[in-house]
**Q** 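Sharing a structure with you now.
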Amino acid sequence: MHHDHKTYSRKAAELFERLLDTYGWDPTLVWLLNFSYMTTGEFPDNVPTRYLIPDTTPFYSHFLGDDKERLTKKYHDLHLVESSQEYGLDGPLDAGRGTAVADFDQDGYLDLVWGGAFQSMQMRCFNGETFVDRTDEWNLSHISGTHIITAADYNGDSWMDLFISRPLGTRKGDFLLLRNEEGQTFRDVTQEVNLFPSGDEHPQLFVWSSVWGDIDGDGDLDLLVTTFGLYNPEGDNRSASPLEAIRDNFPLRLYRNDMDSNGNVTFTDVTDAYGLGKGSLLDRQNVWGAAFGDYDRDGDLDLVFGLWHVPGIILYENKDRRFTRTNLLSSDAIHFQTALVDINHDGLLDVYGAGAGFSPGGILQGMFGQGKDRYHTGSKIWVQTPAGTFQRHDEYFSGGMPFVAMGANFGDLNNDGAIDWYQGTGNPEGWMVIPNLLYMGKMQDGQPVLETDNISGLFGVGTIQKGHGIVFFDFDDDGDQDIYSNLGGMWSGDPWPNQFFKNESKLTNSWIKIRLQGSKENRNVYGLGAMIKVIAENGQGQTRERTYHMDNGTGFGSQSYLAHIGLFDAQKIIRVEVTWLGDTTPKTYPAHINTLNILKQDEGT
């Protein structure tokens, strides 16, 4: 897509050329020079030959060359259409942050909540035909300066509530917990549940992950919050140096949900008691990504973390109500977000880490395919073996474009069972203008393999605005997943409209949707932390097995607790097995293909 007004892009190109001529070759300036001419439609003809991006680079091949042509043919039945304006999901113009999807009003359709750094939060409820703006009605229009947003039923009443971090809000309003009042409005209960006690003084906290899970097996959801502190010169620590203030005031926080028999909730800070605070590797450190999951299959939730100061991913095992560090998955890179997901459907949780980094390293690697031995950025996966070890597979994200990613999430756009990834790229630098990336999981003989296709050059998904809250969800209940992406940078001058890719593919692959329903005693109503295994069969009697870890996605994107599982060419479901959190033996259920199935914990055999 070219700019209608080309004057400023041309002036930018002239400036970049002068800088390069004066100071010499620089990957960031060379890329921005080429990109400026792309926005005017004058690439490659008007780009000075000495600075023209070679047609041998991974970027050129995927967005303009042979790979784009090859992948267009391969994915001819896949069709994504940017539809944000059509459905009123593009604004307001803001520096986009968190996004959450859930059926907040329990009408059977999935709804959207999103926020940005400067404008008010937004809520749109789908009614079967369109999205209706309910921001004012649901008491959200006064909330601005948001960062991370997650949906969870913290009090077990089956209505999805909202946790919101507000680093740019009031000093005593960094956290907000909003209770869903039975689909009528949201009510602020933060102080009421002791989640953010009055008088708690600290610098502003940028929350990078807020993840929910039952850490103690009592049937309700507890909350882990990872933070990155900013020095606040107006706070009580104004006499300290910024570095000292930051180190002393941004602890990772683990809150245990102490719900009584009447459903009244009080959160208790158990960070130190569970081994994640004082004296641990995490003590006074910047923690970015986090994810809960029972990766050792012993019936309780374990943890993975991505840290600023330790390259790679750190695993913590839950033993006797305490988290103990067990492994470091080294990658020579820091990771912004993390996820636990069974990539190869073998019943074992694997690890994803979204690569973090700064230019010129990110641009040099992504746009030119150079510097990989020096910068080591890019998203990575580690696949768990039956022996419980993890093996890194750098070949998984193919295409030679190891970009840094701030937001990322996963789903299955073509219902083949192979996991697809959309990664929102960028960093706070204003000149980090690089494409967002879409990877399609690859198949062989009807089964997913540990490779993906980089199709970022198709359907306009490779937009260059910085990506944060990303969610996959089937909003119109037509059997295929769509993608919503909350866009915009860190600064007020780097906003952008959000994007909504409607899936209008001509697909023949089958699928199943599963919503879990906990027992009467289990207030983890939607089975968060459970492992689902679907055993299906195609017309030739071949088995198709798929697994799904029930969680809410990664970082800025809070996905629905509704399993959407692609089954490729399967024609019938043999059975579904669910290993509920707290158990190691699965329960078996009958289920139907190409429809939604409600599986109740008490009804399994």
**Q** For residues Phe556 and His147, establish whether the separation of their ring centroids is below 6.0 Å.
**A** yes
**Q** Check whether any side-chain heavy atom of Asp103 lies under 4.5 Å from a side-chain heavy atom of Asp111, and answer yes or no.
**A**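 Yes; the side chains approach each other to less than 4.5 Å.
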**Q** Would one find more than 12 heavy atoms of other residues, nucleotides or ligands at under 6.0 Å from atom OH of Tyr109?
**A** no
**Q** Which pair of non-hydrogen atoms, one from Gln559 and one from Phe410, has the smallest distance, and what is that distance?
**A** NE2-O, 3.2 Å
**Q** Is the closest side-chain heavy-atom distance between Gln423 and Ser379 below 4.5 Å?
**A**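 Yes. Closest side-chain heavy atoms under 4.5 Å.
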**Q** Is a side-chain donor-acceptor pair under 3.5 Å present for Asn409 with Tyr422?
**A**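 No donor-acceptor contact under 3.5 Å links the two side chains.
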**Q** For Lys380, is there an ion pair with Asp394 - N to carboxylate O distance below 4.0 angstrom?
**A** no
**Q** Would the distance check show the side chain of Thr595 and the main-chain N or O of His592 forming a donor-acceptor pair, the cut-off being under 3.5 Å?
**A**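 Checked: no pair found.
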**Q** Might you confirm whether atom CG of Asp66 has over 12 heavy atoms from other residues, nucleotides or ligands at distances under 6.0 Å?
**A**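 Count not over threshold, so no.
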**Q** When rounded to the nearest 0.5 angstrom, what distance separates CG in Asn503 from CG in Leu80?
**A**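 One gets 5.5 Å once the value is rounded to the nearest 0.5 Å.
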**Q** For the residue pair Asp416 / Asn509, report whether a side-chain donor-acceptor contact shorter than 3.5 Å exists.
**A**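 No, no side-chain donor-acceptor pair sits under 3.5 Å.
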**Q** Tell me, do Lys533 and Val576 make a side-chain contact under 4.5 Å, heavy atoms counted?
**A**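 No, every pair of side-chain atoms sits at 4.5 Å or beyond.
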**Q** Please determine whether the number of non-hydrogen atoms from other residues, nucleotides or ligands lying under 6.0 Å from atom NZ of Lys74 exceeds 12.
**A** yes
**Q** Would Phe475 and Phe131 satisfy ring pair (Phe, Tyr, Trp, His ring centres under 6.0 Å), going step by step from the backbone distance to the final call?
**A** CA-CA 10 Å; Phe475 82 100; Phe131 284 92; 5.6 Å; yes
**Q** In terms of ring plane angle, is the pair Phe500 and Phe473 parallel, tilted or perpendicular, where the classes change at 30° and 60°?
**A**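 Judged by the thresholds at 30° and 60°, the geometry between Phe500 and Phe473 is tilted.
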**Q** CD1/Ile343 to CD1/Ile419 distance, rounded to the nearest 0.5 angstrom?
**A**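 The distance works out to 6.0 Å.
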**Q** For the residue pair Asp445 / Gln447, report whether a side-chain donor-acceptor contact shorter than 3.5 Å exists.
**A**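 Per modelled atom types, Gln447 and Asp445 side chains form no pair under 3.5 Å.
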**Q** List the atom of Gly115, the atom of Asn486, and the distance in Å for their closest heavy-atom pair.
**A**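 Closest heavy-atom pair between Gly115 and Asn486: O-ND2, 2.9 Å.
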**Q** Are the side chains of Asp482 and Asp474 in contact, using a 4.5 Å heavy-atom criterion?
**A** yes
**Q** Are any side-chain N or O atoms of Thr57 and backbone N or O atoms of Tyr60, one a donor and one an acceptor, separated by less than 3.5 Å?
**A**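 Checked: pair present.
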**Q** Can you check whether Gln481 reaches Asp412 side chain to side chain, under 4.5 Å on heavy atoms?
**A**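 Of all side-chain heavy-atom pairs linking Asp412 with Gln481, at least one is under 4.5 Å.
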**Q** Does a side chain donor of either Ser510 or Gln571 reach within less than 3.5 Å of an acceptor in the other side chain?
**A** no
**Q** Working to the nearest 0.5 Å, report the span between CG of Leu89 and CH2 of Trp114.
**A** 5.0 Å
**Q** Flag the pair Asp67 and Arg70 as a salt bridge only when some basic side-chain nitrogen lies within less than 4.0 angstrom of an acidic carboxylate oxygen.
**A**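 The answer is yes: the pair qualifies as a salt bridge.
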**Q** Run the numbers on Thr579 and Glu577 for side chain to side chain donor-acceptor pair (under 3.5 Å), then give the verdict.
**A** CA-CA 7 Å; Thr579 304; Glu577 298 175 358; over 6 Å; no
**Q** Go through the side-chain N and O atoms of Tyr75 and Asn414 and say whether any donor and acceptor fall under 3.5 Å apart.
**A**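 Per modelled atom types, Tyr75 and Asn414 side chains form no pair under 3.5 Å.
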**Q** Considering only NZ, NE, NH1 and NH2 on the basic side and carboxylate oxygens on the acidic side, decide whether Glu17 and Arg50 come within less than 4.0 Å.
**A**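 Result for this pair is yes, salt bridge flagged.
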**Q** Can you name the one residue among Leu487, Val461, Ile464 that meets side chain to side chain contact (heavy atoms under 4.5 Å, CB included) with Asn436?
**A** Leu487
**Q** Please answer whether the main-chain N or O of Leu340 pairs with a side-chain N or O of His549 as donor and acceptor at a distance below 3.5 Å.
**A**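 Side chain of His549 to backbone of Leu340: a pair is present.
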**Q** Could you check whether any side-chain heavy atom of Trp421 comes within less than 4.5 Å of a side-chain heavy atom of Tyr396, counting everything from C-beta outward?
**A**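 Counting from C-beta outward, Trp421 and Tyr396 do come under 4.5 Å.
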**Q** Test side chain to side chain donor-acceptor pair (under 3.5 Å) on Thr547 and Asp342; report intermediate values, then the result.
**A** CA-CA 7 Å; Thr547 61; Asp342 186 2; 2.4 Å; yes
**Q** Taking Gly479's backbone N and O only, do any of them form a donor-acceptor pair with Asn415's side chain (distance below 3.5 Å, no angle check)?
**A** yes
**Q** When the aromatic ring centroids of His335 and Trp382 are compared, is their separation below 6.0 Å?
**A**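 Yes; Trp382 has its ring centre under 6.0 Å from that of His335.
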**Q** Assess the side chains of Thr40 and Ser9: does a donor N or O sit below 3.5 Å from an acceptor N or O?
**A** no
**Q** When you compare the side chain of Tyr37 with that of Leu33, does any pair of heavy atoms fall below 4.5 Å?
**A** yes
**Q** Taking 4.0 angstrom as the limit, do Asp478 and Lys502 come out as a salt bridge?
**A** no
**Q** Decide salt bridge (charged side-chain N to carboxylate O under 4.0 Å, His left out) for Glu42 and Arg10; before the verdict, give the C-alpha distance in whole Å, the side-chain angles of both, and the deciding distance to 0.1 Å.
**A** CA-CA 10 Å; Glu42 297 168 315; Arg10 287 173 177 156; 2.9 Å; yes
**Q** So which atom in Phe368 and which in Ile53 form the shortest heavy-atom distance, rounded to 0.1 Å?
**A** CE2-CG1, 4.1 Å
**Q** Sub-3.5 Å donor-acceptor pair from the side chain of Arg546 to the main-chain atoms of Gly566, do we have one?
**A**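 Judged by distance alone, yes, a pair lies under 3.5 Å.
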**Q** Is Thr389 reaching over with its side chain to a backbone N or O of Thr385, donor-acceptor style, under 3.5 angstrom?
**A** no
**Q** Calculate, to the nearest 0.5 Å, the distance between atoms CG and CD1 belonging to Asn597 and Ile532 respectively.
**A**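 These two atoms lie 10.0 Å from each other.
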**Q** Measure across Ser558 and Ala151 and return the closest heavy-atom pair with its distance rounded to 0.1 Å.
**A**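 What the structure gives for the nearest pair is OG-N, 3.1 Å.
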**Q** For the pair Tyr295 (side chain) and Val351 (backbone), establish whether a donor and an acceptor sit closer than 3.5 Å, ignoring hydrogens and angles.
**A**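 A pair under 3.5 Å: no.
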**Q** For Glu86, is the CD atom crowded, meaning more than 12 foreign heavy atoms sit under 6.0 Å from it?
**A** yes
**Q** Between the side chain of Arg124 and the main-chain N/O of Gln122, is any donor-acceptor distance below 3.5 Å?
**A** no
**Q** Show your working on ring pair (Phe, Tyr, Trp, His ring centres under 6.0 Å) between Trp31 and Phe59 and close with a plain yes or no.
**A** CA-CA 11 Å; Trp31 159 243; Phe59 162 77; 5.1 Å; yes
**Q** Give the C-alpha distance, both sets of side-chain angles, the deciding distance and a yes or no for ring pair (Phe, Tyr, Trp, His ring centres under 6.0 Å) between Phe336 and Trp208.
**A** CA-CA 8 Å; Phe336 201 87; Trp208 295 112; 5.0 Å; yes
**Q** Ignoring hydrogens and angles, state whether a donor on the side chain of Glu545 or Thr543 is under 3.5 Å from an acceptor on the partner side chain.
**A**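 No, no side-chain donor-acceptor contact under 3.5 Å.
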**Q** Are Lys513 and Trp511 in a cation-pi setup, meaning NZ or CZ lies under 6.0 angstrom from the ring centre and within 45 degrees of the ring axis?
**A** yes
**Q** Can you name the closest pair of heavy atoms from Tyr87 and Glu129 and give their distance?
**A** CE2-O, 4.0 Å
**Q** Indicate yes or no: at least one non-hydrogen side-chain atom of His62 is less than 4.5 angstrom from one of Ser456.
**A**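 Sidechains of Ser456 and His62: no contact.
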**Q** Within this structure, what is the OG1-CZ distance for the pair Thr338 and Phe292, rounded to the nearest 0.5 Å?
**A** 11.0 Å
**Q** What are the two closest heavy atoms between Asp350 and Gln384, and how far apart are they?
**A**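 Looking at all heavy atoms of both residues, the shortest contact is OD1-N, 2.7 Å.
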**Q** Distance-only, no hydrogens or angles: does the His468 side chain make a donor-acceptor pair with backbone N or O of Gly555 under 3.5 Å?
**A**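 Pair absent, no side-chain N/O of His468 close to backbone of Gly555.
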**Q** Between Thr425 (side chain only) and Ile434 (backbone N and O only), is there a donor and an acceptor less than 3.5 Å apart?
**A**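 Yes, because the side chain of Thr425 sits within donor-acceptor range (under 3.5 Å) of the backbone of Ile434.
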**Q** Can you tell me how far apart CG (Leu307) and CG (Leu328) are? Round to the nearest 0.5 Å.
**A** 9.5 Å
